[in-house]
Amino acid sequence: MKFHVLTLFPEIPRAFFESSIMAKAVEKEIIAYDLVNIRDFAFDKHKTCDDSPYGGGAGMLMLPEPLDRALESVKAYKKRVIYVTPSGKPFTQKLARELSKEEELVFICGRYEGIDQRIIDAWVDDEVSIGDYVLSSGEVAATVMIDAIYRLIEGVISSESLEEESFSTGLLEYPQYTRPEVYKGMKVPEVLLSGHHENIQKWRLERQLAKTLAYRPDLIDEARRTGELSLEAEKMIETITGQVSKVCPRKHPRYRGKEK
Ligand code: SAM
């Protein structure tokens with residue numbers, strides 16, 4: 001997989017590509033990257049890359065021509081092009097999985113008030129937001145996306161690590177503990193020391209459900225909708241909340257066909 005990052009500040013993503021697991025993936029040639037400085041494609045001697053927006057308003061906008069030339073230089077017309085923007089669709093683990101299957105990705109990092117709409121119309125396949133807040137530039141957003149995508153590529157980290165983490169099963173991850181058994185008077189839950197695999201799995205599912213209900217009830221609704229929530233999970237939800245599930249177990253996708 002190759003990442004092309006078009007930016008006015010290549011030093012920001014460079015630190016990421018040159019560090020830790022990403023640096024190893026680059027060394028192993030699983031990942032390649034290309035940091036393209038948009039300023040190198042400016043026309044005038046001052047290397048101007050921004051101007052005020054038509055119709056007035058605060059701030060400056062990135063000029064279309066330098067960006068257009070930068071996109072041509074990486075042959076973006078043959079690749080999937082992403083513009084990171086707070087007005088895009090939300091970035092999710094599902095989208096990260098989808099993008100990890102591409103051979104090359106081009107990221108446009110905005111600055112100032114963003115980029116000229118005609119660049120979006122002519123070049124961009126996906127406008128993507130990393131959250132409902134506004135950053136001062138796109139480099140951090142593109143790096144967040146690249147981080148979530150590249151670790152899903154085979155050979156970067158073990159597939160076991162990916163299997164049980166947050167969102168992989170539609171729920172948030174369960175709490176985890178390591179040595180020592182007692183830390184500042186706080187004990188590791190007994191069940192995790194029992195060696196009883198089935199009980200550990202039950203405890204973990206129950207903790208996952210409790211955490212997801214507290215922080216992200218929308219994920220529970222989505223897991224129900226897609227049939228990812230087992231009957232065991234539905235029963236646990238009833239115990240945790242003290243409420244009967246909104247889904248009748250008999251209508252649950254996992255239940256169908258199991259009636260006598
Ligand atoms: N005027 C824009 C708006 O209101 O939607 C905000 C521009 S922001 C100050 C500058 C750049 O930061 C954007 O062009 C974009 O590339 C990046 N950016 C800011 N917040 C982001 C977010 N939540 N997700 C992705 N990119 C973001």
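Whatever order the structure lists them in is the order used to number ligands and atoms, beginning at 1.
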With sequence neighbours left out, what residues match Phe17 under ring-ring contact (aromatic ring centres under 6.0 Å, His included)? Tyr33
Any donor-acceptor pair under 3.5 Å from Tyr174 side chain to Trp203 backbone: no
Take Glu127 and Thr85 through the test side chain to side chain donor-acceptor pair (under 3.5 Å) and record every step on the way to the result. CA-CA 6 Å; Glu127 292 181 82; Thr85 167; 5.0 Å; no
Is Lys79 reaching over with its side chain to a backbone N or O of Val74, donor-acceptor style, under 3.5 angstrom? yes
Under 4.0 Å from ligand 1, counting heavy atoms only: the protein residues, by chain and number: Tyr83, Val84, Thr85, Pro86, Gly110, Tyr112, Glu113, Gly114, Val128, Ser129, Ile130, Gly131, Tyr133, Val134, Leu135, Ser136, Ser137, Gly138, Ala141
Salt bridge (charged side-chain N to carboxylate O under 4.0 Å, His left out) between Lys94 and Glu222, worked out: CA-CA 13 Å; Lys94 188 169 169 231; Glu222 179 63 11; over 6 Å; no
Taking all atoms of both residues into account, what is the closest heavy-atom pair of Lys202 and Met236, and its distance? O-CE, 3.5 Å
